[in-house]
Structure formats: structure tokens, C-alpha cells
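Fair warning: this is a prediction, and the values are worked out from it, not measured in the lab.
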Amino acid sequence: MADRSLYSPDELFAGFDANDVGSYASTLDAQTYLDSRLDLSHEARKSRALHDHHITEARDAFINRRHVVAIMGGHAEPRNSEVYRSVATIAQRLSKRFLMTSGGGPGAMEATHLGAMCADQTTLMAALATLSQAAEFPHGLAQLAPGGIFDPALLAVLHRWQVPAFEVLDAIAPEQRQPSLSIPTWFYGHEPPTPFATHIAKYFHNAIREDGLLAIADAGIIYAPGKAGTLQEVFQDAAQNYYQSFGRFSPMAFLDVDRYWSEQFPVEKLLRPLFGEENYARWVLITPDADHIIDFMTSTK
């Protein structure tokens with residue numbers, strides 16, 4: 001990767017073949033993941049730190065004063081779920097005004113870039129139908145490469161899940177794909193990045209990647225349902241807002257499908273007293289309505 005440049009899906013997934021079950025193992029993305037697990041030398045660590053520094057520079061150069069909206073959410077969100085469809089629809093509509101970004105993995109993250117990529121609702125609906133052929137992200141992939149060697153059985157399971165995404169990508173001409181920025185990490189290398197993002201800022205160090213992902217979302221962050229990783233992002237974002245670490249308060253919207261954020265993880269009880277009534281009322285929204293979230297994000301910027 002050259003200095004001040006981001007990855008593209010073509011670069012990371014070069015060599016992937018839908019007709020070859022083991023082909024992902026030969027891609028730059030997969031081989032870099034293996035190398036990061038096997039080579040723990042001092043020189044390798046320095047090289048990866050320098051790589052991440054250049055990725056940050058390239059990320060900021062690409063954003064270039066554009067306003068950014070991020071969507072966070074669970075990696076296991078099925079492609080045929082209400083949440084996945086809502087996230088894709090929200091991203092598709094907001095991408096007309098904002099640069100959309102996410103953690104770049106599967107689930108709600110993938111839905112973000114699917115929506116941003118599709119120029120219209122007809123294209124999006126066709127893509128969702130294709131993706132429903134392999135709706136569930138496979139479990140157990142943390143053991144994808146034990147000892148630095150890919151497990152053929154798990155690689156086959158992952159392949160079946162990946163193929164529909166590349167079918168969708170092939171159906172949309174490059175010049176018709178709307179831009180988006182994904183920010184994944186090889187720390188979670190068993191979760192391949194989505195090929196739907198046009199620009200990929202992939203990091204070795206997850207802490208640097210995570211803090212930067214939240215920091216660049218000046219126009220707000222939308223939270224789809226998620227577990228520990230998403231909750232970490234909620235409160236890391238809340239800390240940035242509370243201290244106005246970047247000189248502003250970034251809107252926080254929670255997609256409250258099945259009362260996920262109002263009952264299962266009731267964020268209002270913590271965020272309202274933390275922010276105070278005025279800031280909470282102005283900058284925080286909890287709703288199951290995708291249209292309400294879209295209106296909120298566009299009205300606060």
C-alpha cells in the first residue's frame with residue numbers, strides 16, 4: 001500500500017473466486033491477517049504501527065472536510081432482518097448528503113455500505129434479495145486459522161456466506177457505486193471486511209481504529225442493536241461528547257427495534273443525567289423509526 005492511499009475491495013480481495021472455495025485464503029486480506037498472528041517480532045510491530053499512521057493520514061485526506069455519519073451495530077445481524085434492512089435504507093438515503101462509514105465488518109456494518117453503495121431503492125431491494133441466500137454470518141470463525149493455518153471446513157462455511165456479496169458487487173457497475181468509507185481491523189481478522197465500501201481504511205491496532213472511527217463522525221453516529229463492542233462504542237462516543245474532545249457534540253441516534261435501546265440496554269437512564277436535559281434533548285434520539293432517524297441526522301447538521 002502506497003503512502004496516503006486507502007485500500008480498495010479489488011486490492012484486498014484480489015484472487016477471490018466464487019467458484020473456488022479456498023480462494024479467500026490467498027487474498028491480501030487473509031494473508032495479512034495470518035501474518036499479523038504469526039510474525040510478532042519487534043520489526044513487524046514497528047512496521048504495522050507505521051502502516052496504521054499512514055492509514056490515518058490517508059483516511060483524513062479522503063474525508064477532506066466532508067461531513068461523516070457512522071453506523072455501529074452487531075456483526076451477527078442477519079441479512080434478512082428488519083434491522084439490516086433499516087440500516088441499509090438509512091445509509092442509502094443519508095449517503096446523498098453525508099459520507100457514510102462503519103467498522104467495515106459483517107452485519108449492521110455491511111448493511112451500511114450496501115445502502116451507501118446503491119444509488120436507488122430498486123437496486124437496494126435486488127441486492128437484499130441476493131444476500132438473503134446466505135443470511136446468517138457463520139458462528140465459530142474465531143477458530144478460522146488456528147496455529148496460522150486456515151481451517152478448510154470453516155473456510156468453506158465463510159465462502160458460502162461471502163459469495164452472494166460478490167454477486168451483488170458484480171451486478172453494480174463501478175461507476176454506479178456510491179462512495180463510502182469502511183474502517184475494519186485485522187485484530188478481528190476472522191470477520192472479513194465488506195467489499196461494498198469503495199474505500200477501506202484497515203488497521204492492525206484496534207484501539208487506534210476504534211477511537212478514530214468515532215472521532216471522524218462529526219455529523220453523528222447511529223446505533224443499531226449490538227452487544228459488547230457496540231456498547232463500548234456508545235460510551236466511548238458519550239465520553240467524546242461529554243468532554244467535547246473535538247470541539248463539538250456529535251448527534252447520537254439509536255435504532256430501537258424491539259425496544260432494544262429502551263428496555264434491553266436502556267441507554268437513556270445513563271445518557272440523560274450525563275449530558276443534562278438540554279444536550280440530551282438536542283443531541284440524542286431513541287426511536288424504531290428509520291425515517292425519524294434520517295430526519296434527525298439531517299436536521300442537526
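The side-chain contact (heavy atoms from CB on, under 4.5 Å) check on Lys269 picks up Pro266, with sequence neighbours excluded. For Glu136, the side-chain contact (heavy atoms from CB on, under 4.5 Å) partners are Pro78, not counting sequence neighbours.
Using a 4.5 Å heavy-atom cutoff, the side chains of Val168 and Leu128 are not in contact. Looking at Arg248 and Phe246, their side chains come closer than 4.5 Å, going by heavy atoms from C-beta outward. For the pair Ser180 and Phe196, the minimum side-chain heavy-atom distance is 4.5 Å or more.
In this pair, Phe13 and Phe166 present their aromatic rings perpendicular. The plane angle is above 60°, beyond the 30 to 60° band.
With respect to Tyr223, the ring-ring contact (aromatic ring centres under 6.0 Å, His included) criterion is satisfied by exactly one of Tyr260, Phe265, Phe254: Phe254.
Aromatic pair Trp186/Phe204: ring centres closer than 6.0 Å. In this structure, the ring of Phe249 has its center no less than 6.0 angstrom from the ring center of Tyr242. Ring to ring, Trp161 and Phe137 are close: their centroids are under 6.0 angstrom apart.
Within the structure, salt bridge (Lys or Arg N to Asp or Glu O under 4.0 Å) pairs that include any residue of residues 228-239 do not occur (at least two apart or interchain).
Across Leu6 and His199, no two heavy atoms sit closer than the pair CD1-CB, 3.9 Å.
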